[in-house]
Amino acid sequence: MKELNSLLSEKGQTHILQGFDDLSAEEQARFIAEIENIDWATVALWKQPEDLSGKGKIEPIEGLSLGEIERRREEFFALGAEAIRKGKVACVLLAGGQGTRLGSDAPKGMYDVGVTHPLYIFEMQIRNLLSVCKACGASVPLFIMTSDKNDAATKAFFKAHSYFGYPEEFVRFFRQEMAPSVDFGGKLLLEDRGKLALSPNGNGGWYSSLKRAGADGDFPAIEWYNVYGVDNVLQKSADPVFIGATIASGMNSGAKVVRKTEPHEKVGVLCLEDGKPSVIEYYEMTEERASERGADGNLAYSFGVILNYLLSARRLEEIARERIPVHVVKKKIPHLAEDGTFVRPDRENGYKFETLILDMIRLMGSCLPFEVVREREFAPIKNKEGVDSVESARKLLQENGVTL
Ligand code: UTP
């Protein structure tokens, strides 16, 4: 205890021990374990966040356009379907996020987008994957990343719905790690007495978490991981054409992209940074670069990423020890105030620390941008209303013939 005290005092964080003596022995032990788990180097970043803006030489990247994909569709499909049949492809559904913008405490995948009957986000994800399994005549191992916050609820939901018809023996859940949050002065926030305000550490930690959990142990043939976000209800996962095209390209990764229609659209853009694939966030784009046009009149930086990547397992193993940058993100963080009351802030009140899968693309060394039709494959649900909302996703689902 003495050591803990001096560690916290050295870090300027003794406030979290307030009321410690009133905790039960079990609660104390759990709290101490939480504190021992803190990565102090990450927490210190609140003061001096890493400079994550593109520093190298930025250039446009070549990708596969819709026309080219259409011309080679059969060839790509055959290659991708064969890889799926041989067990070389696995899906990783990123469902560890908290969906704070949507404002529901339940896992985002449990959100019901139906109108006349229930239609859950998870259900749409499984439906889309099942159609691929049917077309290829094989099941794809499906890894679902949860967090401490939503693991139990997610598993119970899948069980209650009989995995929406997906073969249970092909599904594995694994938990991502959690990171502490601090206020704008760098003080650790508590969720309760003897409990740090922990939150999922971003989607960039999926591979280390999957490996730590040993979730892939039963599927030794995996050569490719198709990693994607839960909230795109038009997500085409394990798309054989995309898989085949990436394999044929000889690259270490592939990214599904949509064409940006106007310079200031809020999507991350795939480009080259010092010759390596890299994603520049929209807020990191200079005005000049955002509106630059190529010889064909199209935007030079036009490949918007939609969080659907195919990553080589071999390359992932090679880079497993490399550090992914940490993003210090302003968020609304529910916490215990000094006077002991629980506060649910309605505006940002502190920082969370997150790693992002898009930062992995650079480490992959090479990446094939694979263009898809936005209206057919991209209907993200991020917000309650307006852009990328339940409303806009419903409209797109209906346009794609889904009965709501
Ligand atoms: P978002 O960046 O949209 O975050 O996640 P979010 O947590 O779902 O929502 P907000 O920002 O709080 O409103 C993109 C994808 O990455 C997953 C999400 O579940 C979603 O599929 N994700 C995000 C994780 O799996 N873990 C995380 O720590 C963060």
Side-chain angles (χ1 to χ4, degrees), residues 42 91-111 120-122 124-126 128-129 142-151 153-154 157 173-181 197-210 213 215 225-235 237 255-256 266-268 279 281-283 304-309 311 324-334 344-361 378-390 392-393:
T42 294
C91 282
V92 181
L93 172 57
L94 301 172
Q98 288 183 289
T100 48
R101 281 170 285 174
L102 198 56
S104 152
D105 280 342
K108 217 185 213 182
M110 285 169 57
Y111 200 89
Y120 305 100
I121 294 182
F122 278 138
M124 273 312 298
Q125 291 286 358
I126 296 292
N128 294 342
L129 186 54
L142 170 62
F143 303 120
I144 302 177
M145 184 163 87
T146 62
S147 77
D148 286 357
K149 299 250 181 218
N150 66 16
D151 184 71
T154 305
F157 186 74
F173 295 90
F174 68 99
R175 279 186 215 206
Q176 73 175 102
E177 287 140 67
M178 306 288 280
S181 326
L198 298 173
S199 55
N201 64 350
N203 56 27
W206 72 270
Y207 184 68
S208 59
S209 300
L210 181 135
Y225 288 98
N226 182 202
V227 190
Y228 51 92
V230 69
D231 42 30
N232 176 8
V233 283
L234 286 179
Q235 190 79 263
S237 44
K256 283 203 167 185
K266 291 185 171 175
V267 284
V279 178
E281 287 283 24
Y282 64 91
Y283 48 81
V305 288
I306 60 168
L307 218 182
N308 186 329
Y309 300 104
L311 307 171
I324 308 182
V326 178
H327 295 250
V328 181
V329 199
K330 281 187 189 167
K331 292 253 179 174
K332 296 176 199 160
I333 308 163
R344 247 178 220 285
D346 48 19
R347 64 173 77 149
E348 288 145 354
N349 63 318
Y351 301 111
K352 288 188 179 179
F353 304 94
E354 297 184 342
T355 58
L356 303 180
I357 185 171
L358 55 84
D359 289 317
M360 270 182 153
I361 296 305
F378 194 42
I381 298 180
K382 299 280 182 196
N383 306 302
K384 260 188 180 161
E385 287 153 7
V387 183
D388 297 343
S389 64
V390 181
S392 60

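For ligands, and for the atoms within them, numbers begin at 1 and follow the listed sequence.
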Exercise for the section: Kindly compute the distance separating OH (Y207) from CE (M360), expressed to the nearest 0.5 Å. Expected result: 8.5 Å

Fill in the blank from the handout: Honestly, for L307 the part within reach of ligand 1 (heavy atoms, under 4.0 Å) is side chain

Practice task
Give the residue, atom name and distance (to 0.1 Å) of the protein heavy atom nearest atom 24 (C) of ligand 1.
Solution key: G97 N, 3.2 Å

Exercise for the section: Return yes or no for this condition: an N or O of M145 is under 3.5 Å from an N or O of ligand 1. Expected result: no

Handout entry: Protein heavy-atom partner closest to atom 12 (O) of ligand 1 - residue, atom, separation in Å
Key = T100 OG1, 2.5 Å

Problem - Region of E354 that comes within reach of ligand 1 [heavy atoms, distance under 4.0 Å] - result: neither

Handout entry: Rounded distance [0.5 Å steps], CG in L94 versus CD1 in I144
Key = 11.0 Å

Completion exercise
Ranked by distance from atom 11 (O) of ligand 1, the top protein heavy atom is R101 NH2, 3.0 Å

Completion exercise
Taking only non-hydrogen atoms of G96 and a 4.0 Å limit, the atoms of ligand 1 in range are 19 (O), 24 (C), 25 (O), 26 (N)

Practice task
For atom 20 (C) of ligand 1, find the nearest protein heavy atom and state the residue, atom name and distance (0.1 Å precision).
Solution key: L94 O, 3.7 Å

Practice task
To the nearest 0.5 Å, tell me how far I121 CD1 sits from L102 CG.
Solution key: 7.0 Å

Exercise for the section: Could you list the atoms of ligand 1 found under 4.0 angstrom from a heavy atom of K108? Expected result: 8 (O)

Handout entry: Atom indices of ligand 1, in the order listed, that fall short of 4.0 Å to a heavy atom of K382
Key = 1 (P), 3 (O), 14 (C)

Fill in the blank from the handout: If we number the atoms of ligand 1 from 1 as shown, the ones under 4.0 Å from a heavy atom of K331 are 11 (O), 12 (O)

Practice task
Heavy atoms only: give me the nearest A379-N232 pair and the separation to one decimal.
Solution key: N-OD1, 2.8 Å

Handout entry: Under 3.5 Å: N/O of Y228 near N/O of ligand 1
Key = no

Problem - Proximal atoms of ligand 1 relative to V230 (non-hydrogen, under 4.0 Å) - result: 19 (O), 21 (O)

Fill in the blank from the handout: the protein heavy atom lying closest to atom 28 (O) of ligand 1 turns out to be G202 N, 2.8 Å

Exercise for the section: Look only at interatomic distance and state if L102 has a nitrogen or oxygen under 3.5 Å from any nitrogen or oxygen of ligand 1. Expected result: no

Fill in the blank from the handout: For A393 and I381, the nearest pair of non-hydrogen atoms, with its separation, is CB-CG1, 3.5 Å

Practice task
Provide the closest heavy-atom pair for S199 versus S181 in the form atom of the first, atom of the second, distance.
Solution key: OG-OG, 3.9 Å

Completion exercise
for atom 16 (O) of ligand 1, nearest protein heavy atom and its distance come out as N203 ND2, 3.1 Å

Exercise for the section: Taking all non-hydrogen atoms of both residues into account, name the closest pair between E354 and G202 and its distance. Expected result: CB-CA, 3.9 Å

Exercise for the section: Under 4.0 Å, heavy atoms only, figure out whether ligand 1 is touched by the backbone of A95, its side chain, both or neither. Expected result: backbone

Exercise for the section: Do me a favour and list the nearest non-hydrogen protein atom to atom 7 (O) of ligand 1 with residue, atom name and distance? Expected result: Q98 N, 2.9 Å

Practice task
Report the distance from atom CG of L307 to atom CG of L358, rounding to the nearest 0.5 Å.
Solution key: 7.5 Å

Practice task
Give a yes or no answer on whether the side chain of N150 reaches the backbone of S147 with a donor-acceptor pair at less than 3.5 Å.
Solution key: yes

Exercise for the section: Return the orientation label for the F174 and F143 ring planes: parallel under 30°, perpendicular over 60°, tilted otherwise. Expected result: perpendicular

Handout entry: Atom pair CZ (R344) and CD1 (I333), whose distance is rounded to the nearest 0.5 Å
Key = 13.0 Å

Handout entry: atom 26 (N) of ligand 1: nearest protein contact (heavy atom, Å)
Key = Q176 OE1, 2.6 Å

Practice task
Would you mind listing which atoms of ligand 1 come within a distance below 4.0 Å of any non-hydrogen atom of G229?
Solution key: 21 (O)

Fill in the blank from the handout: Residues Y120 and M110: closest non-hydrogen pair is CD2-O, 3.3 Å

Practice task
Give, for atom CD of E281 and atom CG of D359, the distance between the pair rounded to the nearest 0.5 Å.
Solution key: 8.5 Å

Handout entry: Shortest heavy-atom approach to atom 9 (O) of ligand 1 - which of G99, P107, G109
Key = G99

